[in-house]
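One structure is given here, and the rest of the page talks about it.
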Amino acid sequence: MAPRTQIFEDRPSDEAIAGFRAGMAPFWHPVMESAALTEAPSPVELLGRRLVLARFDGAVHVFPDTCAHFQAQLSLGKVVVVDGKPALQCPYHGWAFGADGRCARIPQLPEGRAIPAAADIPAFRAREAYGLIWVCLEAEATFDLPPFPEYDDDTFRKVRLAEPEDTATSSTRMIMGTLDDTHFPWVHEGILGDQDHPEPPDHEVWREGSQLVLRYEAEQPAGLFNGGAGNGSVKLLYTDYVGMPNVIRLVKDSPGGRYVIWLATCPLDWNRTRNFWIFARNYDMAPERDATFTEMAAHVRMQDKPIIESQRPWLLPPFWSKVELPIRPGDLPLIQYQKWLEELGIVTAI
Ligand code: FES
Ligand SMILES: [Fe+2]
């Protein structure tokens with residue numbers, strides 16, 4: 001039999017890219033930290049589209065970042081008031097668009113002539129949660145945002161990790177890489193694993209509403225992420241929740257306390273992902289300890305990044321292509337995640 005390994009250096013097929021963009025569209029995606037959007041409009045990218053966010057009337061509004069007139073970038077403009085209502089004004093010729101995307105003013109229009117309907121632009125849905133702005137490109141989202149109980153729980157200390165650059169991978173590979181536990185001894189030896197014990201844990205995997213849930217016990221080196229300081233190893237219970245398809249929350253319980261890793265990924269496009277991380281802990285709570293936790297989290301992150309960015313094809317290949325070789329039972333959680341992605345129409349072609 002010929003060796004199975006193929007080379008996938010190039011971009012995925014147009015069909016695979018279109019499938020990914022369309023499949024991911026009916027979900028809430030995080031695009032920006034809430035605090036970063038002030039009164040100035042801001043450009044963001046989501047699934048290959050350029051969008052503009054503008055905060056007015058006490059809410060965040062999202063439009064294509066392209067004017068209906070001569071397609072200048074609306075995020076270079078500003079929020080103004082037209083007939084007593086706020087509107088986003090294009091920097092080029094001053095056309096202005098209200099909250100619903102309706103064109104509210106065309107300064108060059110002759111007196112008495114109505115604004116044509118073709119001047120309107122679409123308005124997408126936005127919401128704010130967990131300190132982030134989320135956008136859905138379709139009228140109905142398939143799933144609501146997954147719960148994050150530690151976020152509003154004061155018995156947990158939270159730190160955010162802002163990454164200096166985007167990750168050159170797909171959002172689905174990013175989530176799969178965070179769900180994967182059999183890489184711990186290889187990529188994070190001494191922190192999350194031990195190469196003398198590479199055997200996978202016994203996973204329990206099931207679906208709960210919009211989430212894929214994974215539970216297993218593990219023994220890992222004692223330390224920051226495993227209940228605090230210490231030598232030797234510690235027994236942990238992991239419960240991982242994937243908010244399909246783009247959010248993951250890893251809950252690690254040890255005798256020392258609970259450590260939670262929360263990641264929301266923004267699919268900028270098929271090959272670029274922006275990560276928003278929050279880490280929560282209910283031990284070692286002193287604020288001055290935050291820097292130690294974020295430095296260590298950034299270190300672990302940098303161990304993962306080159307590996308995840310090295311994976312080809314860029315997009316997860318469907319099972320029928322037989323490109324992957326998942327090994328049961330260790331890879332069961334990854335199989336279940338990908339299976340659900342295929343059901344949702346996100347992984348369709350290679
Ligand atoms: S391009 Fe926007 S007003 Fe002309
Ligand atoms: Fe990792």
Side-chain angles (χ1 to χ4, degrees), residues 41 43 50-52 54 63-80 82 87-98 101-110 113 115-116 118-122 161 163 167-169 171-195 198 200-201 214 216 218 220-221 223-226 236 238 240 242 248-252 259-263 265 273 275 277 279 293-311 330-331 333-334 337:
R50 60 179 197 176
L51 303 175
V52 54
F63 311 105
D65 197 6
T66 307
C67 181
H69 184 214
F70 283 119
Q71 293 70 53
Q73 205 167 358
L74 292 171
S75 55
L76 298 172
K78 61 182 177 185
V79 176
V80 296
V82 177
L88 177 58
Q89 177 177 277
C90 179
Y92 203 3
H93 313 92
W95 291 29
F97 304 88
R102 293 285 296 275
C103 184
R105 182 172 63 194
I106 296 180
Q108 301 80 16
L109 206 61
R113 197 185 302 167
I115 293 173
D120 298 344
I121 56 175
L161 178 67
E163 296 191 331
T167 301
T169 189
S171 167
T172 41
R173 280 211 184 272
M174 188 66 213
I175 293 292
M176 198 190 257
T178 310
L179 180 65
D180 182 307
D181 55 78
T182 60
H183 78 282
F184 289 166
W186 305 99
V187 181
H188 311 296
E189 178 156 47
I191 302 173
L192 300 175
D194 170 2
Q195 282 182 23
L214 162 63
Y216 62 96
Q220 290 188 350
L224 269 194
F225 301 147
N226 294 336
L236 299 164
Y238 268 83
D240 300 350
V242 181
I248 187 166
R249 173 171 154 257
L250 311 183
V251 179
K252 300 174 64 163
Y259 188 76
V260 177
I261 299 163
W262 184 84
L263 165 66
T265 64
T273 299
N275 297 314
W277 299 90
F279 303 93
F293 276 90
T294 32
E295 276 162 28
M296 192 62 169
H299 174 71
V300 170
R301 178 67 195 113
M302 286 309 114
Q303 292 179 321
D304 283 318
K305 189 168 182 276
I307 307 279
I308 302 223
E309 290 185 329
S310 77
Q311 290 179 288
D331 290 328
L334 311 187
Y337 172 61

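In listed order, ligands and their atoms are each counted from 1. What you see is a predicted model, and the numbers here were worked out from it, not measured in a lab.
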Heavy-atom side-chain contact between Leu192 and Pro221 under 4.5 Å: no
Suppose we call two aromatic rings close when their centres sit under 6.0 Å apart. Are Trp277 and Phe279 close by that rule? yes
List ligand 1 atoms under 4.0 Å from [X], heavy atoms only on the residue side.
| X | value |
| --- | --- |
| Cys67 | 1 (S), 2 (Fe), 3 (S) |
| Cys90 | 1 (S), 2 (Fe), 3 (S) |
| Tyr92 | 1 (S), 4 (Fe) |
| His69 | 1 (S), 2 (Fe), 3 (S), 4 (Fe) |

In Å and rounded to the nearest 0.5 Å, what is the NE2 to NE2 distance from His69 to His93? 5.0 Å
Specify whether Trp95 and Phe97 have parallel, tilted or perpendicular ring planes, treating 30° as the upper limit for parallel and 60° as the lower limit for perpendicular. tilted
To make sure I understand the geometry: which N, O or S atom in His188 is closest to the Fe ion (ligand 2)? NE2
Only N/O/S atoms count here: what is the atom of His183 closest to the Fe ion (ligand 2) called? NE2
Verify the distance test for Asp304 against the Fe ion (ligand 2): any N/O/S atom under 2.8 Å, yes or no. yes
Check against side-chain hydrogen bond (donor to acceptor under 3.5 Å, both in side chains), Tyr238 and Lys252: CA-CA 5 Å; Tyr238 268 83; Lys252 300 174 64 163; 3.1 Å; yes
Testing Thr265, Thr167, Thr169 one by one against Asn275 for a side-chain hydrogen bond (donor to acceptor under 3.5 Å, both in side chains), which residue passes? Thr167
Give me the residue, atom name and distance of the protein heavy atom closest to atom 1 (S) of ligand 1. Phe70 N, 3.2 Å
Specify the protein heavy atom at minimum distance from atom 4 (Fe) of ligand 1: its residue, its atom name, and the distance to 0.1 Å. His93 ND1, 2.0 Å
Paired with Leu214, the side chain to side chain contact (heavy atoms under 4.5 Å, CB included) test is passed by just one of Val242, Leu334, Asp181, namely Asp181
